[in-house]
Structures are given as structure tokens and as C-alpha cells.
Asks: 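The structure that follows is given in the form of C-alpha cells.
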Amino acid sequence: MTSEREPQLHVNRWGDTSDPAPEQRGARQDVCACFDQSRAHPRARVGFHAERQDTSAPGWRRLLELIDEAAADGREEFRPLVELSQEERRQIVTLPPSIARLSAVKHLVLYGSNLVRIPPAIGAMTSLEEFTPYTSYRLHWFPYEITRCRKLARSTVSTRALFGNYKLRPPFPRLQPSPDSVTDLDPGNLDPRRWGTTAVHRCSVCDLPIGQAGLHQMWISLRVATDVLPLLVNACSSACAAALPSGARDYIPTPHTGGRVDQPPSEWD
């Protein structure tokens, strides 16, 4: 009698977050035309997404409930989008600050999201080891605070969608001149088209509240886990901006303010 080998099982890394058929994709993800993600165009004009989160949307309210549940049960993997309908997924363009409560989560899965920004609160997810926002094609940058996730070792990002990525070298949005004071600026109600975000409360570098010394924004590309990510820094002072590290190898070597800044050649040049 011959013995048959047991069939080998292969784990589906994405579970039920696999990419839908192209004809269904529009139901949960808006089309992004910020820059061509298939060919190099280093002189393209780019900007920030202007969308604000609709906090009355059913998808947003459900996301808040899912975060509460995950924080309460201390789960180590958080896949919120699989609990939402296609339309509810489309309603989510950012994450709520309450993700800071997910201190036990080791793997955050945001596969195929409609996100255009991630809040600095992700830096409080101190147990995070793996980050999967793959095929989130409208997500072009990340907050500098993600560097506080010291255990983060693995990431799966659609890098061609990122500002300054090595394959295509699309430009970075030009940042606003640093105001000498925020007296005439409401840090809790910013125009995302100009500032990239709707609120800045604390310094990305020292974590102190943004005071009256001004808001200093900088771009820097750093290796975070598996990928080099474009990071937006919101610093409270020129001293904090000067304390930033050098950029990743083969990327712009110093912090910068975007616009027509020289980048290394793209992989496809």
C-alpha cells in the first residue's frame, strides 16, 4: 500500500480582503488622478487630497465601533474594512484618533482602502509589527509619527502611489511657508488642500503641543519597516525641524519643503 502525502495548505495573506474584480473596484475606492502611477513624470503638478472625513457617514460610525471593540478585547490583528460594506469602505478617507487605543494590535490591515491620509495617532500603536495598506492607491504619504512604532518590521505598501517613490519619482506637494506664529491659524481646523491634514495639535518631533512659535512642515523619506515612505513632519519650531535625520539612501538626502526639488533618477529613467 502506498502512502499519500497530505496536501499542502498555503495561507492566504489577505484573507477576504483580496482585490475585487476591476468592474467592482470603483464601489469601494475612488479613482485617483494625482499623478500617473504607471510611468515616470517627475515634473507633474501634484497636491494634497482635499477631502474631509464625513463623520456622520455610516461607515465612519461603524469604524468607531470596531475600534472600541478591538481596544476592549485587546486583539492583536485589526482588519476593520472586512466588516464594512463596499460603500461604507468608500466613506472612510482617514482613520479616527482613537486608533491610539489599539496598543495591543500587532498587525493593521487596510488592504484596498479609500484612505487619503492617516492620522499621527498611529504612532501610539506601540505593539505594531506589521502594516498592510496595500492597494490603497490614494494614500501618497504617511505621518512622521509612524516612526514611533519601534516594533514595526514588515509593511506592504503600493509604493508606486507614493510621492517621490524610486520607480517613478513623482514630485512632492509644495508645503506652505512656515508662519512666524499660529495666532491667525486654527491648528484644529486646517484646509487639507493646503496643509495635507485637517488638524495639527502636537509636534511630530518632540510631541509637545503646537505653540505660538509657528508650524514648520517638512518632507522626509525614511525606511519604515519594509518600505521607504514619504513622511510629513509637523514641527513646532525650527529647532525640531533641524533635529530630523537624513533621508534614506537613494532618496532626497535632507528634509525639504517639496515642489521643484531635485530627486535622484527614477528606476525607469
Side-chain angles (χ1 to χ4, degrees), residues 13-14 19 22 25-26 29-51 93-94 110-118 122 130-147 149 152-177 192-197 204 216-235 241 244-269:
R13 291 182 62 197
W14 313 119
D19 211 19
R25 196 171 296 158
Q29 193 176 66
D30 292 314
V31 173
C32 180
C34 287
F35 57 86
D36 192 331
Q37 297 184 19
S38 63
R39 64 186 180 91
H41 192 8
R43 293 301 180 185
R45 296 187 65 180
V46 299
F48 289 113
H49 280 276
E51 296 96 320
V93 298
T94 188
L110 300 169
Y111 188 93
S113 78
N114 201 36
L115 294 171
V116 300
R117 66 187 71 91
I118 288 179
I122 194 173
E130 186 170 1
F131 182 40
T132 308
Y134 194 53
T135 70
S136 296
Y137 296 119
R138 302 190 338 129
L139 193 56
H140 307 312
W141 60 276
F142 296 84
Y144 182 77
E145 286 82 349
I146 198 173
T147 61
C149 300
L152 185 54
R154 298 179 300 281
S155 59
T156 310
V157 179
S158 294
T159 53
R160 274 193 261 184
L162 302 180
F163 295 135
N165 73 77
Y166 75 98
K167 294 178 181 177
L168 304 174
R169 300 297 187 193
F172 294 76
R174 182 179 297 279
L175 299 176
Q176 297 295 312
R193 189 185 297 274
R194 297 183 62 201
W195 300 95
T197 184
S204 300
H216 303 257
Q217 288 193 312
M218 305 290 288
W219 288 114
I220 187 169
S221 296
L222 296 177
R223 182 165 296 281
V224 177
T226 312
D227 302 287
V228 174
L229 304 180
L231 306 177
L232 181 60
V233 180
N234 292 299
L244 292 168
S246 299
R249 181 179 177 182
D250 297 327
Y251 286 77
I252 299 174
T254 58
H256 59 94
T257 56
R260 293 293 181 90
V261 59
D262 290 333
Q263 298 191 63
S266 75
E267 186 183 64
W268 292 356
D269 280 351

Asks: Where do C34 and H140 come nearest, in terms of heavy atoms and distance?
Replies: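 Distance-wise, the nearest heavy atoms are SG-NE2, 3.5 Å.
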
Asks: Between P192 and F48, what is the shortest heavy-atom contact and its length?
Replies: O-CB, 3.3 Å

Asks: With no hydrogens and no angle check, just 3.5 Å: does a side-chain donor-acceptor pair link Q29 and N114?
Replies: no

Asks: Could you check I146 against F131 for side-chain contact (heavy atoms from CB on, under 4.5 Å), going step by step and ending with a plain yes or no?
Replies: CA-CA 10 Å; I146 198 173; F131 182 40; 4.0 Å; yes

Asks: What's the shortest heavy-atom distance between I252 and H256, and which atoms?
Replies: CD1-NE2, 3.5 Å

Asks: Within the 3.5 Å criterion, strictly below it, is a donor on S155 or D227 matched to an acceptor on the partner's side chain?
Replies: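 Note: S155 and D227 side chains meet the donor-acceptor criterion.
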
Asks: With ring pair (Phe, Tyr, Trp, His ring centres under 6.0 Å) as the test, pick out the partner of F172 among Y251, W219, W141, F35.
Replies: W219

Asks: Tell me, with the steps shown, if V228 and Y166 meet side-chain contact (heavy atoms from CB on, under 4.5 Å).
Replies: CA-CA 9 Å; V228 174; Y166 75 98; over 6 Å; no

Asks: Please name the pair of heavy atoms, one in I220 and one in L244, separated by the smallest distance, quoted to 0.1 Å.
Replies: CD1-CB, 4.5 Å

Asks: For the residue pair S158 and Y134, what are the closest heavy atoms and their distance?
Replies: OG-CD1, 3.3 Å

Asks: Check G259 against P171 and note the closest heavy-atom contact, atom names and distance.
Replies: O-CB, 4.3 Å

Asks: Is the shortest heavy-atom distance from the side chain of V93 to the side chain of D30 under 4.5 Å?
Replies: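 Contact flag for V93/D30 side chains = no.
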
